[in-house]
Amino acid sequence: MGNLSGANDLLAALAVAREPDVALQVFDEMPAHGLVPDAWTFSTLIVCHCLKNSLDDATRILDFMVENELSPSVATFTTLVNSFCRKGEMQKAFEVVGVMKKVGCEPTIQTYNCLIKGLCYVGRVEEAYEMLGKIKKESVSIEPDIYTYTAVMDGFCKVGRSPEAKELLDEALEAGLVPNVVTYNTLFNGYCKEGKPVKGFGVLKLMKERDCTPDRISYITLIHGLLKWGKIRAALRAYKEMVGDGFEVEERMSNTLLRALCKISWKERDLLDDAYQMFKKMRSTGCAIDESSYGFIIQTLSVGNRNEEALFNMEHMMTMGHSPKMISLARVLRALCREGKLGKALSVLMDERLGHPSKEVYNVIINEFNRQGRWLCACNVYGMALKQGVVPEKKPEDAKGRVSVKSRQ
DNA sequence: GACGGGAATC
């Protein structure tokens, strides 16, 4: 490590690389090399102890520095203040600030921002807000920045006070500060938590007007909130906007939205096509479609009497290695029979990938053969079922409607 | 010379 500045550089590099343990080993070896730690060495050491979350050790070193007039810098103090705040140990954080002031080291806005975040974290939002007010009023050299506003806004949003958060945003804008994507995302989150997710569209508009590009967190927060509060049409709108902005929607969220769309389309039929379009888009872009989502879209197509498409996707589903729920299979087969497409229904039944069809599925086919008076065919299917160990309730009937198979007990 | 924001997970 050569000289002291070389050792200090090494320690700093290790701290940046998040290797505090190695750094502490290096520190221990310094005396053997005849190196006497200086203020910079101790400062880096404090950073390392903070990284390790050993804040007592960090505090001890800081006290040692103060006692020996190694004057820690604002950054060093702030590092420790931040570490205490992140753990919610506000009293200790304030004690550090007390030491700072005693030795004549003025806190910066970053120091205050750490305190504000900490106060919000432990639920003392009111004090955080007061601290913002104090900074505005009392200090001459320090002014709140966008981090300060964002922190207090987040505090308000976390306790369901989004209107006050919005007021703060307006205030920041008036003060000439430039909110960034995090500031806006804080509001999305607040609105969505409070059950006012549609207000998120206003935020979206506002940020775009102010040349702040929404990121994926903006959209994910918004869409999730809309889904949570049952605003399915709006969620679809946000989804389209997200895709339009060039973002990929996560598979899980796409599947959730798809299922929600399917479900609501059973009552609000105009959404049926939106659901199917979305499904097709997911399929074509290689988005993994859950087994349950397949079930939903198949049922949706059945509800819309689009049985060919339902069948097609059921077959596609099997290609993807999923087996359809027997209840949806029975529903689709029944619809096919109604349309006179018994051959098609039969070929599905014979599909090996299907595994073991349930008795309800066999019932549908046997019933149809009975209806057409095709007794022999009905018997064949019945036999197939028995071979699979399934006993359908429907029995083959002859032309006079007599049951020709005795029920087994 | 170093120190400060945000989301969800069927």
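These figures come from a predicted structure and were not determined experimentally. Chain A is the first sequence line, chain B the second, and so forth, proteins listed ahead of strands; every chain is numbered from 1.
- Under 3.5 Å, the side chain of T78(A) and the base of dC3(B) form at least one donor-acceptor pair of N or O atoms.
- Among the heavy atoms of the strands, none lies under 4.0 Å from T108(A).
- What separates CD1 of I217(A) from C1' of dA7(B) is a distance of 5 Å, to the nearest Å.
- With hydrogens and angles ignored, a donor-acceptor pair under 3.5 angstrom links the side chain of T76(A) to the base of dA2(B).
- For N189(A), the listed nucleotide lying nearest its side chain is dA7(B); candidates were dC10(B), dA2(B), dA7(B).
- To the nearest angstrom, P of dG5(B) lies 16 Å from CE of M153(A).
- Once rounded to the nearest 0.5 Å, the distance linking CZ of F27(A) with CG of L10(A) reads 13.0 Å.
- Nearest heavy atoms, L24(A) versus C48(A): CD2-CB, 4.4 Å.
- For the OP1/OP2 pair of dC3(B) and a distance below 4.0 Å, the side-chain nitrogens and oxygens of N82(A) include no atom meeting the criterion.
- With rounding to whole Å, H49(A) atom NE2 is found 17 Å from dC3(B) atom C1'.
- From Q299(A), atom CD reaches atom SG of C262(A) across 9.0 Å, with rounding to the nearest 0.5 Å.
- Across all strands shown, T79(A) has heavy atoms under 4.0 Å from sugar-phosphate atoms exclusively, and none from any base.
- A donor and an acceptor atom sit less than 3.5 Å apart, one in the side chain of D9(A) and one in the base of dG1(B).
- For N8(A), taking side-chain heavy atoms from C-beta onward, the closest of the listed nucleotides dG1(B), dC10(B), dA2(B) is dG1(B).
- Atom pair L70(A):CG and dA2(B):P shows a separation of 20 Å (rounding to whole Å applied).
- With a 6.0 Å cutoff to the six-membered ring centre and a 45° limit on the axis angle, R86(A) does not count as a cation-pi contact of Y121(A).
- Closest contact between the side chain of Y147(A) and the listed nucleotides dA2(B), dG5(B), dC10(B) involves dG5(B).
- As rounded to whole Å, 7 Å separates atom C1' of dG5(B) from atom CG of N180(A).
- For H224(A), the listed nucleotide lying nearest its side chain is dA8(B); candidates were dA7(B), dC3(B), dA8(B).
- The side-chain ring of F188(A) is not stacked on the base of dA7(B), judged by centre separation under 5.5 angstrom and plane angle under 30 degrees.
- At the phosphate of dA7(B), OP1 or OP2 sits under 4.0 Å from a side-chain N or O atom of K158(A).
- Spacing between atom CD1 of I116(A) and atom P of dC3(B) amounts to 20 Å, rounded to whole angstrom units.
- Close to dG5(B), at under 4.0 Å from its OP1 or OP2, lies a side-chain N or O of R86(A).
- N68(A) contributes a side-chain N or O that, together with a main-chain N or O of F64(A), makes up a donor-acceptor pair within less than 3.5 Å.
- Separating the CD1 atom of I297(A) from the P atom of dC10(B) is a distance of 21 Å, rounded to the nearest angstrom.
- Side-chain atoms of S218(A) and base atoms of dA7(B) include no donor and acceptor less than 3.5 Å apart.
- With values rounded to the nearest 0.5 angstrom, H49(A) atom NE2 is found 8.0 Å from R60(A) atom CZ.
- Between dC3(B), dA7(B), dG1(B), one nucleotide has an atom nearer to the side chain of Q110(A) than all others, and that is dC3(B).
- In this structure, the CG atom of L258(A) is 16 Å from the P atom of dC10(B), given to the nearest Å.
- Each of dA2(B), dG1(B), dA8(B) was ranked by its minimum atom distance to the side chain of S43(A); first place goes to dA2(B).
- At dC10(B), none of the side-chain N or O atoms of K228(A) fall inside 4.0 Å of OP1 or OP2 (strictly under the cut-off).
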